[in-house]
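Atoms considered below: every heavy atom in the structure, side chains included; atoms not considered: hydrogens, waters and symmetry mates. Count residues from 1 along the sequence. Nothing here was measured: the structure is a model prediction, and the numbers come from that model.
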Amino acid sequence: MKSANNVPLTDVDTVDVVGVRKDGGLDLVISVSDVLDDSEATLQLLQGKLQNYISAADNLSFLKHYGKVAGTRVTVHISCEHRISSAATKVIEEMRKIANAKNVDVFVRKQME
(Lines give C-alpha, C1' and ligand atoms only; values in the text may rest on other atoms or scores of the structure.)
Protein backbone atom coordinates (compact mmCIF):
# COMPACT_ATOMS: atom_id res chain seq x y z
CA MET A 1 0.00 0.00 0.00
CA LYS A 2 1.37 3.40 -0.94
CA SER A 3 2.00 5.95 1.79
CA ALA A 4 -0.22 8.97 2.38
CA ASN A 5 1.72 11.07 -0.14
CA ASN A 6 1.07 8.34 -2.73
CA VAL A 7 4.65 7.13 -3.05
CA PRO A 8 5.94 3.73 -1.94
CA LEU A 9 8.85 5.11 0.12
CA THR A 10 9.25 7.07 3.33
CA ASP A 11 10.80 10.52 3.25
CA VAL A 12 14.42 10.93 2.21
CA ASP A 13 15.59 11.87 5.70
CA THR A 14 14.51 8.56 7.24
CA VAL A 15 16.76 5.51 7.37
CA ASP A 16 14.19 2.73 7.43
CA VAL A 17 16.27 -0.08 8.95
CA VAL A 18 19.88 -0.33 10.14
CA GLY A 19 21.54 -3.65 10.83
CA VAL A 20 24.98 -4.18 12.36
CA ARG A 21 26.50 -7.29 10.79
CA LYS A 22 28.52 -9.88 12.68
CA ASP A 23 31.33 -9.44 10.14
CA GLY A 24 31.67 -5.79 11.19
CA GLY A 25 29.76 -4.28 8.30
CA LEU A 26 26.60 -2.25 8.34
CA ASP A 27 23.37 -2.85 6.41
CA LEU A 28 20.98 -0.03 5.56
CA VAL A 29 17.56 -1.03 4.26
CA ILE A 30 15.16 0.98 2.16
CA SER A 31 11.71 -0.48 2.68
CA VAL A 32 9.40 -0.24 -0.34
CA SER A 33 5.67 -0.59 0.27
CA ASP A 34 4.38 -0.76 -3.32
CA VAL A 35 5.41 -0.66 -6.97
CA LEU A 36 8.39 1.56 -7.78
CA ASP A 37 6.65 3.22 -10.70
CA ASP A 38 7.94 5.80 -13.14
CA SER A 39 6.16 8.79 -11.60
CA GLU A 40 8.34 11.82 -10.99
CA ALA A 41 7.51 11.76 -7.26
CA THR A 42 8.64 8.15 -6.88
CA LEU A 43 11.81 8.59 -8.93
CA GLN A 44 12.85 11.76 -7.08
CA LEU A 45 12.21 10.17 -3.70
CA LEU A 46 14.08 7.00 -4.68
CA GLN A 47 17.08 8.98 -5.91
CA GLY A 48 17.08 11.25 -2.87
CA LYS A 49 16.76 8.35 -0.47
CA LEU A 50 19.64 6.49 -2.12
CA GLN A 51 21.79 9.65 -2.10
CA ASN A 52 21.16 10.08 1.63
CA TYR A 53 21.92 6.44 2.40
CA ILE A 54 25.18 6.68 0.45
CA SER A 55 26.05 9.89 2.30
CA ALA A 56 25.28 8.22 5.65
CA ALA A 57 27.63 5.38 4.73
CA ASP A 58 30.39 7.96 4.39
CA ASN A 59 29.45 10.01 7.48
CA LEU A 60 31.69 9.43 10.49
CA SER A 61 29.06 10.61 13.00
CA PHE A 62 26.50 8.20 11.54
CA LEU A 63 29.00 5.33 11.60
CA LYS A 64 30.09 6.11 15.17
CA HIS A 65 26.46 6.04 16.29
CA TYR A 66 26.45 2.34 15.34
CA GLY A 67 29.89 1.64 16.78
CA LYS A 68 31.61 1.75 13.40
CA VAL A 69 34.63 3.58 12.02
CA ALA A 70 35.50 5.18 8.70
CA GLY A 71 36.01 2.52 6.06
CA THR A 72 33.31 0.22 7.44
CA ARG A 73 31.77 -1.81 4.63
CA VAL A 74 28.19 -0.60 4.14
CA THR A 75 25.53 -2.30 2.04
CA VAL A 76 22.29 -0.60 1.02
CA HIS A 77 19.46 -3.06 0.44
CA ILE A 78 16.32 -1.99 -1.40
CA SER A 79 13.68 -4.35 -0.02
CA CYS A 80 10.99 -4.49 -2.71
CA GLU A 81 8.75 -7.44 -3.42
CA HIS A 82 6.82 -5.34 -5.94
CA ARG A 83 7.38 -4.50 -9.60
CA ILE A 84 10.16 -2.02 -10.34
CA SER A 85 9.68 0.15 -13.43
CA SER A 86 12.47 0.52 -15.97
CA ALA A 87 12.84 4.19 -14.99
CA ALA A 88 13.26 3.25 -11.31
CA THR A 89 15.72 0.51 -12.30
CA LYS A 90 17.72 3.15 -14.18
CA VAL A 91 17.81 5.38 -11.07
CA ILE A 92 19.00 2.41 -8.99
CA GLU A 93 21.73 1.58 -11.50
CA GLU A 94 22.94 5.19 -11.67
CA MET A 95 23.04 5.43 -7.88
CA ARG A 96 24.77 2.03 -7.65
CA LYS A 97 27.66 3.43 -9.71
CA ILE A 98 27.99 6.40 -7.36
CA ALA A 99 27.79 4.09 -4.35
CA ASN A 100 30.40 1.68 -5.72
CA ALA A 101 32.82 4.59 -6.18
CA LYS A 102 32.44 5.19 -2.43
CA ASN A 103 32.89 1.48 -1.55
CA VAL A 104 29.16 1.04 -0.82
CA ASP A 105 27.15 -1.83 -2.29
CA VAL A 106 23.53 -1.47 -3.45
CA PHE A 107 21.31 -4.51 -3.88
CA VAL A 108 17.62 -5.01 -4.66
CA ARG A 109 16.05 -7.79 -2.58
CA LYS A 110 12.62 -9.34 -3.03
CA GLN A 111 12.71 -10.18 0.67
CA MET A 112 15.18 -9.68 3.46
CA GLU A 113 16.56 -12.87 4.95
Please check if Leu60 and Val104 belong to a single hydrophobic cluster, counting links between Ile, Leu, Val, Met, Phe, Trp and Tyr side chain heavy atoms closer than 4.5 Å.
-> no

Other residues, nucleotides, ligands: >12 heavy atoms within 6.0 Å of Glu94 CD = yes

Interatomic distance, Met95 atom CE to Asn100 atom CG [nearest 0.5 angstrom] = 11.0 Å

Restricting to pairs with a member in residues 12-63, which pass ring-ring contact (aromatic ring centres under 6.0 Å, His included), not counting sequence neighbours?
-> Phe62-Tyr66

Do Arg96 and Glu93 sit within salt-bridge range, that is, some charged N less than 4.0 Å from a carboxylate O?
-> yes

Is there a side-chain contact between Val74 and Asp105 (heavy atoms, below 4.5 Å)?
-> no

Between His77 and Ile30, is any pair of side-chain heavy atoms under 4.5 Å apart?
-> no

Any side-chain heavy atom of Ser79 within less than 4.5 Å of one from Val32?
-> no

Could you verify whether a donor N or O on one side chain and an acceptor N or O on the other, from Thr42 and Ser39, lie under 3.5 Å apart?
-> yes

Under the side chain to side chain donor-acceptor pair (under 3.5 Å) test, residues paired with Gln44 that sit two or more places apart | Glu40

Do you reckon Val15 sits in the same ILVMFWY cluster as Phe107, going by side-chain contacts under 4.5 Å, direct or chained?
-> no

Evaluate the side-chain proximity of Val108 to Ile92: yes if any heavy-atom separation is below 4.5 Å, no if none is.
-> yes

Would you give the length of the straight line joining atom SG of Cys80 to atom NZ of Lys110, rounded to the nearest 0.5 angstrom?
-> 7.0 Å

Going by heavy atoms in the side chains, are Leu28 and Thr75 under 4.5 Å from each other?
-> no

Do Asp16 and Thr10 get their side chains close enough for a donor-acceptor pair, meaning under 3.5 Å?
-> yes

Quick one: closest heavy-atom pair of Arg21 and Asp27, and the distance?
-> NH1-OD1, 2.6 Å

Indicate yes or no for a side-chain donor-acceptor contact from Lys68 to the backbone of Gly24 under 3.5 Å, with no hydrogens or angles considered.
-> yes

Quick one: side chain to side chain contact (heavy atoms under 4.5 Å, CB included) partners of Asp13, sequence neighbours excluded?
-> Asp11, Asn52

How many angstroms lie between atom CG of Leu50 and atom CD1 of Ile98, to the nearest 0.5 angstrom?
-> 9.5 Å

